[in-house]
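Written out below as structure tokens is the structure these notes cover.
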Amino acid sequence: WQDKESQINYFRVELLTKVLEKLKLELPEHLENHLNKKSELDSKAYEFYLRGKFLIDQLKNKEDIIISRDLFKKAYDLDNSLTEANVYYGMSFFRLGEHNKAKKILDKNIDNLENETNINKSMILNCMGIIYQYGMADYKKAIEFYNDALEIQSKNDDKYNKVKTLNNISHSYLCLE
């Protein structure tokens, strides 16, 4: 199974690269690195992550949050290089109103990525901004986290997440008034 998964990932990256070439577009380096990283992940951990992500995306009730949280925890316990799973694990506490617990989990993630400027760190910083903005009503602190995320997104030419972060910043400024 592991060999089949790495072949599928290889073809997925190749297909995306070919389509982008035909459209005369380039795949940003940070996305290429992110896609290539997937092939190094533990397949069972990645399965737990995807199941949790699907459940959180289709959220119907509180139990779905708890089940997805357990799946994210299992995924990260199996493969601690799967930072996204741990971020979603932390944010599941936020969704249940446990803001300090969410903050504590994300703080650990930031410490682990201290010297990095990658997509995972910008995601964590953005989530920390969300916790401070919506969970703690500390809009100035939220803006600090958003600006740190924005700096990384700008360095990586990550336009999609940059727009989301700018939107979050604007909401924080509106709350300051």
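Start at 1 with the first residue, then count along the sequence.
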Begin with the C-alpha distance, continue with both residues' side-chain angles, and end with the deciding distance and a verdict on salt bridge (charged side-chain N to carboxylate O under 4.0 Å, His left out) for D157 and K159. CA-CA 6 Å; D157 195 31; K159 293 174 183 143; 3.8 Å; yes
Kindly indicate, with the supporting measurements, whether the criterion side-chain contact (heavy atoms from CB on, under 4.5 Å) is fulfilled by K140 and D138. CA-CA 6 Å; K140 289 182 181 180; D138 186 343; 4.2 Å; yes
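Side-chain atoms of Y139 never come within 3.5 Å of backbone atoms of L176 as a donor-acceptor pair (strictly under, hydrogens ignored). Looking at N167, its side chain never comes within 3.5 Å of a backbone N or O of V163 through a donor-acceptor pair.
In this structure, the side chains of I66 and L96 come closer than 4.5 Å at one or more pairs of heavy atoms. Between L82 and N86, every side-chain heavy-atom pair lies at or beyond the 4.5 Å cut-off. Residues M91 and I130 meet the side-chain proximity criterion, which asks for heavy atoms closer than 4.5 Å. At a threshold of 4.5 Å between non-hydrogen side-chain atoms, the residues K121 and D148 do not count as touching. With contacts defined as side-chain heavy-atom distances shorter than 4.5 Å, the pair M123/L125 does not qualify. When side chains are defined from C-beta on, F145 does not count as touching L106, because their heavy atoms never get closer than 4.5 Å.
One distance of note links CD of E144 with NZ of K141; it measures 5.0 Å at 0.5 Å rounding. Here CD of Q153 is found 11.5 Å from OH of Y146. Values are rounded to the nearest 0.5 Å. Note that OH of Y134 is 6.5 Å distant from SG of C175, once rounded to the nearest 0.5 Å. Atom SG of residue C127 and atom OH of residue Y132 lie 13.5 Å apart, to the nearest 0.5 angstrom. If you take CD1 on I152 and CG on N120, they are separated by 10.0 Å, rounding to the nearest 0.5 Å. Residue K164 holds its NZ atom at 12.5 Å from CG of L166, rounded to the nearest 0.5 Å.
Ion pairing of K155 with E151 is present here, as a side-chain N (NZ or NE/NH1/NH2) and a carboxylate O approach within less than 4.0 Å. Using a 4.0 Å cut-off between charged nitrogen and carboxylate oxygen, D107 and K103 count as a salt-bridge pair.
Smallest separation of non-hydrogen atoms from I124 and N109: CD1-CB, 3.4 Å. Residue H99 comes nearest to I131 through the heavy atom pair O-CG2, 4.0 Å, listed as atom of the first residue, atom of the second, then distance. The minimum heavy-atom distance linking N126 with A149 is given by the pair N-CB, 3.9 Å. Residues L78 and A45 approach most closely at CB-CB, 3.7 Å, considering heavy atoms. Closest of all the heavy-atom pairs between Q133 and N168 is OE1-O, 3.5 Å. Heavy atoms only, all atoms of each residue included: A75 and F48 are closest at CB-CB, 3.8 Å.
Tracing side-chain contacts under 4.5 Å through hydrophobic residues (I, L, V, M, F, W, Y), one never reaches F54 starting from L71; they form parts of separate clusters. Note on I110: it clusters hydrophobically with I143, by side-chain heavy-atom contacts below 4.5 Å among ILVMFWY residues. Note on L55 and F93: separate hydrophobic clusters, where clusters join Ile, Leu, Val, Met, Phe, Trp and Tyr whose side-chain heavy atoms are under 4.5 Å apart, directly or indirectly.
Under the 6.0 Å cut-off for aromatic ring centres, Y76 and Y89 do not qualify, their centroids lying 6.0 Å or more apart.
By the 30° and 60° cut-offs, the orientation of the rings of F72 relative to Y49 is tilted.
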